[in-house]
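What follows is a single structure, written as structure tokens, with notes after it.
In what follows, chains are A, B, ... by sequence order, proteins preceding strands, each numbered from 1. Basis for what follows: all heavy atoms, side chains included, without hydrogens, waters or symmetry-related copies.
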There are 2 protein chains.
Amino acid sequence: MHKGDWNYIRNLNRRVILEEIVKNASLSRSELARITGLNKATISTQVNDLLEQGLVIETRTEALDTPGRKPIIIEMNENAGFTVGIDIDELSTNIIFCDLKGRRLHQKQLHLDTYHFESMLDELIQQLQTEIGVFQNGSSIPPLAGIGVGIHGIVNNDSQIVYTPKQQWVDLDVKTRLEQAFDAPVHVDNSANLSVYAEHVYAKHGSDLFCLTLYSGIGLGMVKDSVIYRGYQGFAGEIGHMIIEPDGKPCPCGNHGCWELYASNKAFFKLLHESGDEFHTQEQVSKHLETTDAEQEIAEYIFYLSIGVNNVINIFNPERIIINSPLFASMPELLDRVEASLQSKFNNYDELKISGLNEDACALGAAALAFKKFLGVHHVDHSASFPSSQ
Amino acid sequence: MHKGDWNYIRNLNRRVILEEIVKNASLSRSELARITGLNKATISTQVNDLLEQGLVIETRTEALDTPGRKPIIIEMNENAGFTVGIDIDELSTNIIFCDLKGRRLHQKQLHLDTYHFESMLDELIQQLQTEIGVFQNGSSIPPLAGIGVGIHGIVNNDSQIVYTPKQQWVDLDVKTRLEQAFDAPVHVDNSANLSVYAEHVYAKHGSDLFCLTLYSGIGLGMVKDSVIYRGYQGFAGEIGHMIIEPDGKPCPCGNHGCWELYASNKAFFKLLHESGDEFHTQEQVSKHLETTDAEQEIAEYIFYLSIGVNNVINIFNPERIIINSPLFASMPELLDRVEASLQSKFNNYDELKISGLNEDACALGAAALAFKKFLGVHHVDHSASFPSSQ
DNA sequence: TAATAGTTTGCATAGTAAACAAATTAATTA
DNA sequence: TAATTAATTTGTTTACTATGCAAACTATTA
């Protein structure tokens, strides 16, 4: 708990005002005063400061059919900066540029050899420099406001990579290297954390939000009161290694019967494989399922997935759970079967839904994190501007 | 996010100061200034306000062997109030009186017929009035500062009882009745939440704390940054119904293989019963185990308990987990066996320990909650005054 | 005398209320 | 129809206030 002096309260109110400007695409000073409860005079001084800093701009409105002076609209200055979100996965690296209104400006998929960390990093920096150069087109307007990086592994609370199961990275520092290369603040976090953060930022805000990412493993991201839950050392969310089958399949983690051996997307592929066919992409699987009945495999998969979802619900009583999974994206009807399996009396949640962000969630969340840090706000609400390519 | 004005900042600093006075049994104004970073003048005005309100008192110190003026010690005024914590369980109701320094003043065990809610409440109110009368001895000094109530069931965020599995209470209001009877604020919460809160308040503060209560069921209480995690509607922590054995034993909740069917204290009793002997109290069990080898039952119990503990660790990456269990209280050596079973690479926690508060945790937490609300602080640290009977 | 505790005084700051200025629509009047 | 007036809303200015801060001051004690 921090002491309060006039500097503290000034920053607090600045934050409150900025958060509203971010949330509501167009606001006048008097609307800000109404929404925040702050005095009109206070709003004026604070907004004028933000104008001087170039963070926001004034624009005119269309004529209104109400009497009285027309309001001057305050909005984010798009030329004040842009953010970059990077999702470094084993096989492909997803890069998304966003403007300060949260809109997706540019996107690129890189294919880096992630097994050699240093050369991957060199390659990433070089390619990113090219992309930024093209985007800024010679000038340096808008400037780079910050970079967010998602790692599929454990990242501690100081943006340091602790461990990644796929590449076996141990204690590596991507933050410092990128900060030196781009002279902008870099924030690194676990991909599940950034995915849920993206869902949080681009969806209507509730008190809490949980996001299950089902790919080669299972990740759980949790947002409570706009804060990502990271655990004591940033290790939270290793829910894939929740044991749901004692003496079950052996897991590289050292235990038996971990959830992700049964309910990850990879586990589903394996189930199909055991029944004969081999698949490597979701498209192949979807096509296969159109013509072939795989009721038994699907039933088994849903059975185990539902066990874990039941557990998450009983532990957290979440308002909303979002499932980010290629399988569910292509077969949304499976969701009903999961919901039907949640039979416990104590299962209490408000909404279970499928992600609309899918594979881009992590990179978008990374960009949103960079944005949040750049502005110094606590809450980012970009629900008004869904991050389409346009 | 609230706006900041002079009133906000004044309360903020008042809270910071009060929290330090609560935490450190004896502090002078100048020490407060050093600790909080606030100016000496600010401390003086704020402390003088607290003195006027009668919340704190000044006492003299012993002679120090340092030069300079002796400090005036500020401490909580014990005559400013006392709190009551009530743990309403199926068979017995535990009542603890605490002073404003967190010390246990008085304790009483009541045996109420909890199956008839209304008559239980009448009886409770009457007995409590007697207890308070005896304690205050005719006068009304110290006054009753607040009452906390722990319920073994689901309590929503408005202190309303939603459901208790044992007594089958549904949608009942204990708060209003007690507030009318005692003219003091009443706060109701789930017993696992209050138990972890007690551990938090009476232990050295860390960033987070998790407490597993193993009695007839299993409860999980979570404290993060001094805030009890309650979930969306206050239903969080129903971890006893986490499924750890698919198609396992049937549970009244509607599912199969819930954790508490395998790892609650009751489940251990059942295991022993299945092997021949029947026990009803922990003393009987402890005595039995002194003479009889029950290696097989213990091994099975530890096996299932460890699965759930593994899951908690992987989901939360907690700093500390506390086990509150009659079995572990009488056989602390079992803890090593649990720790030995946590084999996952990802198991990351700092400390797994056995509760020192045991059956009193809930009532102490209830009293601490009442204290917190009474003072209007966010953090309560009573680690200096372990709540012994003296 | 030196050191430490605590108070007093005057100042700086940022928010507030209220008055004011500006801009715009709607109604009224010439 | 055109000009005037009223009403309404936005945003700024001004005087004021509460509170924290720094520094000077008083009090107390080895």
Side-chain angles (χ1 to χ4, degrees), chain A residues 1-18 20-21 24 26-53 56-75 376, chain B residues 1-21 24 26-53 56-75:
Chain A
M1 181 55 52
H2 204 265
K3 68 168 182 170
D5 55 15
W6 282 111
N7 203 40
Y8 178 87
I9 146 174
R10 189 174 205 283
N11 283 329
L12 178 75
N13 288 334
R14 179 195 137 104
R15 223 167 49 215
V16 170
I17 291 168
L18 261 177
E20 289 301 331
I21 294 175
N24 307 14
S26 67
L27 274 177
S28 65
R29 287 175 176 76
S30 64
E31 277 175 299
L32 273 170
R34 260 196 306 275
I35 293 173
T36 61
L38 289 161
N39 190 278
K40 285 195 296 174
T42 308
I43 296 288
S44 272
T45 20
Q46 289 263 21
V47 166
N48 290 342
D49 281 4
L50 293 174
L51 281 167
E52 244 175 60
Q53 290 170 46
V56 302
I57 49 169
E58 292 183 332
T59 54
R60 293 263 136 211
T61 31
E62 305 307 301
L64 303 169
D65 46 358
T66 51
R69 175 173 167 178
K70 276 194 296 189
I72 304 165
I73 298 303
I74 310 293
E75 55 182 83
Chain B
M1 182 53 54
H2 202 266
K3 67 168 183 171
D5 56 15
W6 61 265
N7 202 40
Y8 177 86
I9 159 174
R10 189 175 206 284
N11 282 329
L12 178 75
N13 288 334
R14 180 194 136 105
R15 221 168 51 215
V16 170
I17 292 168
L18 260 178
E19 282 169 4
E20 289 301 332
I21 294 176
N24 309 51
S26 68
L27 274 177
S28 64
R29 286 175 176 77
S30 63
E31 277 175 299
L32 272 170
R34 261 196 307 275
I35 294 173
T36 61
L38 289 161
N39 189 277
K40 285 195 296 173
T42 308
I43 297 288
S44 270
T45 23
Q46 289 263 19
V47 165
N48 289 341
D49 280 5
L50 293 174
L51 281 166
E52 245 175 60
Q53 290 169 44
V56 303
I57 49 169
E58 293 183 332
T59 54
R60 292 266 136 206
T61 32
E62 306 305 303
L64 303 169
D65 46 357
T66 51
R69 175 173 168 177
K70 277 194 296 190
I72 304 165
I73 299 304
I74 309 294
E75 54 182 84

Nearest-Å distance, [atom1] ([X]) to [atom2] ([N])?
X        : N       : atom1 : atom2 : result
Asp49(B) : dT19(D) : CG    : C1'   : 11 Å
Ile43(B) : dG6(C)  : CD1   : P     : 11 Å
Leu32(B) : dA5(C)  : CG    : P     : 12 Å
Asn7(B)  : dT13(C) : CG    : P     : 22 Å
Arg60(B) : dA5(C)  : CZ    : P     : 13 Å
Ile9(A)  : dA18(D) : CD1   : P     : 14 Å
Ile73(B) : dT4(C)  : CD1   : P     : 16 Å

Can you see which heavy atom on Glu58(A) is nearest to which on Leu51(A), and at what distance? OE2-CD1, 3.6 Å
Are side-chain heavy atoms of [X] and [Y] found at a separation under 4.5 Å?
X        : Y        : result
Leu12(A) : Arg15(A) : yes
Ile74(B) : Leu50(B) : no
Arg60(A) : Ile72(A) : yes
Thr45(B) : Arg10(B) : no

Gln46(A) side chain to Leu18(A) backbone, donor-acceptor under 3.5 Å: no
Heavy atoms only, 4.0 Å cut-off, all strands: where does [X] land among base, sugar-phosphate and nothing?
X        : value
Asn13(A) : sugar-phosphate
Arg34(B) : sugar-phosphate
Gln46(A) : sugar-phosphate

Between dT19(D) and Trp6(A), counting only base atoms on the nucleotide and side-chain atoms on the residue, is there a donor-acceptor pair under 3.5 Å? yes
On the nucleotide [N], are OP1 or OP2 found under 4.0 Å from the side-chain N or O atoms that [X] carries?
X        : N       : result
Thr66(B) : dA3(C)  : no
Thr42(A) : dT16(C) : yes
Lys3(B)  : dT16(C) : yes

Considering heavy-atom distances to DNA chain D, does Gly4(A) or Ser30(A) have its closest nucleotide positioned more toward the 5' end? Ser30(A)
Residues two or more places apart in sequence or in another chain: which of them pass side-chain contact (heavy atoms from CB on, under 4.5 Å) with Leu27(A)? Glu20(A), Asn24(A), Glu31(A), Leu32(A), Ile35(A)
Between protein and nucleotides 7-9 of chain C, what N or O pairs are separated by less than 3.5 Å?
residue : atom : partner  : partner atom : Å
dT7(C)  : OP2  : Arg29(B) : NE           : 3.3
dT7(C)  : OP2  : Ser44(B) : OG           : 2.3

